[in-house]
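These notes are about the structure you will find just below.
Both counts, for ligands and for their atoms, begin at 1 and track the order of listing.
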Amino acid sequence: MFKISEMARFSLLIFFFVFRSICVFASTPEKIDSLKNRLNRCGEESKKTSLLNQLSDVYTDIQLDSALNYASRALELAVKNSDDFGKANANNKLGNIFLKQGNLEFALKHFFDALACCEKFENKEMLGGLHNNIGIVYQTQKNYQRALEYYLKSLQYFDSETNPLVLANTNNNIGLVYSFVQKYDKAIEYFNNSLSLRIRANNAQGIAISHANIAFAQKGKKNYKQALKSYEKALKMSQKYGFKQIQTIVNCNLGDLYAEKNDMQKATIYYKKALQLSEKIALLEWLKKSSKGLADVYERSGKMTQAFHYYKKYKNIEDSVFGIESRKQFQHLEARYENAKKEKELAQSKEENLRLLQKNEIYEIKLRSTIQLSIVLSFLLIAILLLVVIYFRLNKFKSRLNKKLERKVKERTLELEASNQRLINEIEEKNRVEKRLQIARKQAEESDRLKSAFLANISHEVRTPMNVILGFSELLEKECKLTSELASYTKTIKDGTRQLLNIINDIVDISKLDSGSLKLKETEFDLNELLDDMYKVFTADNEVFDSKGIHVFVSKGLQNDEAIIITDKLRLRQVLTNLVNNGLKFTKQGYVEFGYLLRNDQMLEFYVKDTGIGITQEKQKEIFNRFIQLENSNTRNYGGTGIGLSISKELIELLGGNIWVNSQSGKGSTFRFTLPFKQRGQKDISEKKQSLFNWSAFTIMLVQEKENKNRHLKTILEPTQAKLIYASDAPKALDKLHTNPNINAIIIDADMNGISLFKTVDLLKQIKILPVFALTNLTQENETDAFTLAGFDDIIAAPLEGDHVLKKINNSLISCPLPPISKNNDLNLLS
Ligand code: ADP
């Protein structure tokens, strides 16, 4: 198998076409200056990278050190700015530089770095170029398979828009690989592709090289004729454009061809031409090659002197080439060492940069966190300070408040102590006063009793001489014939004595009533007879009335056979007389009528009606109080003591009835009073009704000034067997209700003095919910409403009608809780 000689391979190597950049710069100092100026002025980092790359590109052809420097700076800047395009470009430049320096390792590394960056932004032309360059490195390392692989990949990235020269170079490089592996047909195919692209691009040098390469492949195929043709074309082209290097190589290759063909003469001619040209342009390699060719040709021709001459020359050149090579190698090694150093420095500086960056970042993070921490701490400090200030302020405020409070408490304590002391004093004083009052009351009660006894005594003593005066005055009138003057004197004595006797009678009655010594004498008598008798007295006896022209009428409510009743006749007459006398006294004209009627078979209602001066509404209740005389000046005209009505009221109540008045000022008055209708065989009317209700389990409290007041009500209630208890005023009633839980109903005498009905009912109901009744002489229709408003459950109004009163109480008791009914009680309660 034909093995390509080292020389031949070397002759091809110089025609590798490296992808640098699409724009080809003229390597002029102007260009360099312009780029440097632009670099100095440029402020934009990405543009700076591009300018540095361009400078590296320009220097690659003239000064590799500078090229390396600029490319390194470009790469550094691009890395710093994360500029992928800049990085790809700078790495490509570095790859080219190291390839030129023969540092294939570094070259390959940078090309691959460039490829990695380039893949991110997919620049097809750059990708194609980089694959081509990697192919060159592999080819230089004689790894033809990988080289071919990358060249072919490179072609995939190129298309119709790709620069034809770039495409031609890759095709040429593929052709070279095929030549090296002696696949000459393939090589010729790619060389031809390259040739046609270069012809299209009108690239003379390229065309010359393509022809030379085609010739080389043809020669490999021993197709000398075709090879000679192509060499001629290459020679012609290079002679035309003065490509001395290509001329030298082609002449030398022609020498080889003819030597191979054993045409020593022609071989000698071409080797000599090559020798001359290489001497001219100082191409030592080709000088050495052509000298060796000549030495071989002369040796083969038997011309040993010439052969020795050229062999010696060859050896000298080889030695010098070796020297040069050694130097070159040394320089190369030195360069590699420098590069490695620079790379190391670069890497170190990168690492340093990275470290610095990291340090910076860490520092920044630390700084940021320190700042944040300081801010937080500052806020915390301020907050704590504020809290401390607030705390102290609050404490101060609190202590001020406390002091103020303490002061106030002290003041209040002192005030309280003072008021306590005052209260104690007041209580003590009150107790003292109460004791004094009790003593005074006892004394008063005692003196009252003594006074009443004295009055009763004295009245008897006074009445005796009075009756004597009256009796003898009447004797004088009847038995002696008196002159009219003496008769008048006698009448005056008689009237005055009667008046005095009446007053004494009243006083005696009052004192008897107060001391409770007034005794009733109930007898059976004819009521109509009593009224007739009284009528006679009033009409016959009184000429004053005749002179006034006042008529007196009497009215009887029962037939004579029915009018036999049982009561205290004397007291009934006393009351009626008092009322009729008042009627006559306060009537100037008209009439006075008195009489009675039977109500509900139970009560007798008496009345005395006059057409006199009348009594105002508000005074109607007062007149039943002692010593009340209305319109003092007027009443003085009428005379009187103001106790007649109060005595009447007390007597009627003792007899079991009620008394009240209906009157209109200026139109007259009607006094009414009731008495139980009692006849023989029926001692008490209420006894008849005994079996109606059985309230033996109930307690009813009567609130009235005196226990013996409202006797009629008592006679109505007693047959029910209810337990009756008494309270003489409101505080006592409240006290009893408190202490006695058995009380089931309360009846309050609404005519009591010094009691607030509203307040009393309210307080009673606060203690216990139970029915409370008002006992009153109902004078007006709307009075019921007033009592209901005051809180009473109902009213018991005069004239009291037994059944009616009991039913009313029973109805209210139904709605209130009742004590349990005794089992023995076979009567139906509340029926
Ligand atoms: P007196 O002795 O003053 O009549 P009474 O107690 O009998 O005392 O009467 C009290 C007062 O009532 C009288 O002063 C009078 O103002 C008034 N009064 C009593 N009856 C009548 C009447 N029929 N008409 C007008 N006012 C009367």
Side-chain angles (χ1 to χ4, degrees), residues 455 459 495-514 518 534-535 537-539 542 544-545 548-555 570-596 605-655 657-673 709 751 753 777 779 798:
L455 269 175
S459 65
D495 288 348
T497 311
R498 260 198 202 124
Q499 238 175 325
L500 200 59
L501 203 61
N502 280 338
I503 290 167
I504 288 165
N505 280 340
D506 280 352
I507 291 167
V508 170
D509 281 348
I510 277 187
S511 59
K512 276 187 179 169
L513 283 166
D514 283 353
L518 191 127
M534 283 178 68
Y535 178 74
V537 173
F538 286 120
T539 47
N542 223 319
V544 184
F545 305 128
K548 278 167 121 186
I550 294 168
H551 298 284
V552 178
F553 301 111
V554 66
S555 169
L570 197 73
R571 294 300 174 187
L572 173 60
R573 187 183 182 118
Q574 184 185 341
V575 173
L576 273 172
T577 307
N578 184 31
L579 292 176
V580 174
N581 274 335
N582 276 349
L584 292 169
K585 194 161 65 175
F586 297 107
T587 305
K588 281 186 184 144
Q589 57 182 24
Y591 63 91
V592 174
E593 183 187 335
F594 69 99
Y596 72 91
E605 186 181 299
F606 295 84
Y607 67 91
V608 179
K609 186 178 177 189
D610 65 57
T611 53
I613 58 170
I615 308 158
T616 57
Q617 191 76 37
E618 70 263 23
K619 300 290 178 191
Q620 285 176 22
K621 272 187 185 169
E622 292 179 17
I623 55 170
F624 293 101
N625 295 333
R626 283 180 192 177
F627 314 116
I628 293 293
Q629 285 181 312
L630 306 178
E631 297 163 27
N632 285 336
S633 58
N634 276 342
T635 40
R636 286 274 65 79
N637 300 332
Y638 299 106
T641 54
I643 51 172
L645 282 180
S646 69
I647 291 169
S648 298
K649 186 171 184 278
E650 285 182 63
L651 287 174
I652 293 300
E653 282 172 355
L654 275 176
L655 287 169
N658 285 297
I659 183 166
W660 68 98
V661 66
N662 296 116
S663 180
Q664 237 182 319
S665 189
K667 288 193 177 173
S669 316
T670 305
F671 284 84
R672 293 178 197 275
F673 65 88
K709 215 182 156 191
D751 299 329
N753 288 318
N777 296 317
T779 51

message: With heavy-atom distances below 4.5 Å as the criterion, would you say the side chains of Asp610 and Ile550 are in contact?
response: no

message: Check for me whether Gly612 has a heavy atom closer than 4.0 Å to any atom of ligand 1.
response: no

query: Taking distance alone, with no angle check, do Leu645 and ligand 1 share an N/O pair under 3.5 Å?
result: yes

- prompt: Which of the atoms of ligand 1 are close to Ser669, meaning less than 4.0 Å from one of its heavy atoms?
  reply: 24 (N)

task: For Ile643, take its heavy atoms, then give the atoms of ligand 1 lying under 4.0 Å from any of them.
output: 6 (O), 8 (O)

message: Once you restrict to heavy atoms under 4.0 Å, what part of Ile613 touches ligand 1? Side chain, backbone, both or neither.
response: side chain

message: Any atom of ligand 1 sitting under 4.0 Å from a heavy atom of Phe671?
response: yes

- prompt: Quick one: which ligand 1 atoms are inside 4.0 Å of a heavy atom on Lys585?
  reply: 1 (P), 2 (O), 4 (O)

message: Would Asn582 count as a polar contact of ligand 1, with the cut-off being nitrogen or oxygen pairs under 3.5 Å?
response: yes

Lys/Arg-Asp/Glu bridge criterion (N-O < 4.0 Å) met for Arg571, Asp509: yes

query: How close do Glu593 and Ser555 get, heavy atom to heavy atom, and via which atoms?
result: OE2-CB, 3.8 Å

message: Could you tell me if the side chain of Ile615 sits less than 4.5 Å from the side chain of Phe671, heavy atoms only?
response: yes

- prompt: Taking C-beta and beyond as the side chain, do Leu584 and Phe538 meet within less than 4.5 Å on heavy atoms?
  reply: yes

- request: Please tell me if the side chains of Phe673 and Asn658 come closer than 4.5 Å, counting only heavy atoms from C-beta onward.
  value: no

